[in-house]
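When reading the values below, keep in mind they use all heavy atoms of this one structure, side chains included, and skip hydrogens, waters and symmetry mates. Computed from a predicted structure; not experimentally measured. We count residues from 1, following the sequence as given.
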Amino acid sequence: MKRLTLFVIATASLLSLMAVAQTPTPPRQTPPQQQQPAASPGGSGAEGKIAVINTAAFRNGIQELKVRLDALNVEFEPKNKELQSLQENIENIKNKIQTQGPTVQPAVRNQWMEEGAALEKELKRKAEDYDALAKRRFEEVSGPIYDKIGNFLDQYAKKHRISMVLEVGAAQQSGLLVFAAATTDITEDFMREYNKANPATAASPSATGKP
């Protein structure tokens with residue numbers, strides 16, 4: 001199975017690398033009119049049918065992935081703080097120009113403006129560099145795990161005789177999914193089985209990018 005696609009929302013300041021993992025709104029569910037049949041031994045309740053899965057839940061629900069991405073956040077924390085500091089310095093200069101500009105010599109005010117412009121240029125350059133690095137490191141860290149998740153989902157579907165799995169967020173946004181019964185959502189059961197088969201371990205140096 002091809003790697004599960006994860007859309008990364010890049011932010012100029014990289015204040016939160018994992019802001020990409022927003023959970024989409026689950027599909028509308030209506031109470032059953034009659035007693036539902038018992039779920040399968042795996043708990044999916046979608047055997048021989050179409051199932052839905054919420055891949056955004058993997059960020060915290062797949063422990064192997066969570067460990068790696070938490071370590072990646074730690075890795076980028078110094079860079080985030082550096083960008084925050086630059087942004088704060090720029091704001092301080094802007095405030096100084098606005099509040100003190102009329103009371104100082106034009107040469108002083110122009111110097112402040114030049115300093116602010118230089119800091120803005122530095123912030124833009126570093127934000128672009130760190131954004132590119134963050135995307136590369138995210139792919140390096142999460143890519144192999146998403147390959148494993150994709151292969152495991154293929155095995156899971158065969159095990160539970162599921163003929164099709166829809167990604168709930170993408171299906172809703174495209175208008176493909178307007179209703180899904182609770183018994184068709186395999187997210188929790190899939191993550192439980194994946195975690196059982198792939199216990200999480202501490203992130204290795206190669207996964208965190210640290211020596």
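- Annotation: side chain of I53 is in contact with side chain of L153 (closest heavy-atom distance under 4.5 Å).
- In terms of heavy atoms, I162 sits closest to A51 at CG2-CB, 3.9 Å.
- Here the closest non-hydrogen pair linking T184 and A181 is OG1-O, 2.7 Å.
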TODO: Begin with the C-alpha distance, continue with both residues' side-chain angles, and end with the deciding distance and a verdict on salt bridge (Lys or Arg N to Asp or Glu O under 4.0 Å) for E140 and R137.
DONE: CA-CA 5 Å; E140 291 173 351; R137 290 291 297 127; 2.7 Å; yes

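- With rounding to the nearest 0.5 Å, the separation of CH2 in W112 from CD in Q98 is 12.0 Å.
- Qualifying side-chain contact (heavy atoms from CB on, under 4.5 Å) partners for A200, counting only residues two or more places apart in sequence or in other chains: Q63, V67.
- Across all their heavy atoms, K79 and L133 have their closest contact at CE-CD2, 3.5 Å.
- Scored by the salt bridge (charged side-chain N to carboxylate O under 4.0 Å, His left out) test, E77 finds K81 as partners (sequence neighbours excluded).
- Here CG of N92 is found 12.0 Å from CD of E115. Values are rounded to the nearest 0.5 Å.
- Atoms CZ and CD, on R68 and E75 in that order, are 13.0 Å from each other to the nearest 0.5 Å.
- With sequence neighbours excluded, the residues satisfying side-chain contact (heavy atoms from CB on, under 4.5 Å) with N198 are E64, K148, F152, Y194.
- Pairs engaging residues 86-112 under the salt bridge (Lys or Arg N to Asp or Glu O under 4.0 Å) rule: K94-E120 [sequence neighbours left out].
- The line from CG of L123 to NZ of K121 is 13.5 Å long, rounded to the nearest 0.5 Å.
- Aromatic ring centroids of F190 and F58 lie under 6.0 Å apart.
- Taking NZ from K49 and CE from M164, the interatomic distance works out to 15.0 Å, rounded to the nearest 0.5 Å.
- A search for salt bridge (charged side-chain N to carboxylate O under 4.0 Å, His left out) contacts involving K158 returns D154, not counting sequence neighbours.
- A heavy-atom distance below 4.5 Å is not found between the side chains of E188 and N54.
- Residues forming a side-chain contact (heavy atoms from CB on, under 4.5 Å) with A171 (at least two apart in sequence, or on another chain): L166, L176, L177.
- No side-chain heavy atom of V165 sits under 4.5 Å from any side-chain heavy atom of V52.
- Scored by the side-chain contact (heavy atoms from CB on, under 4.5 Å) test, E122 finds L86, L119, R125, K126 as partners (sequence neighbours excluded).
- Without hydrogens or angle criteria, D131 side chain to A127 main chain gives no donor-acceptor distance under 3.5 Å.
- Between D185 and T187, the closest heavy-atom pair is OD1-OG1, 2.7 Å.
- In terms of heavy-atom proximity, I90 sits nearest to G116 at CG1-O, 4.5 Å.
- Pairing each heavy atom of M191 with each of A57, the nearest pair is SD-O, 3.6 Å.
- In this structure, CD1 in I149 is found 9.0 Å from OG1 in T55, a value given to the nearest 0.5 Å.
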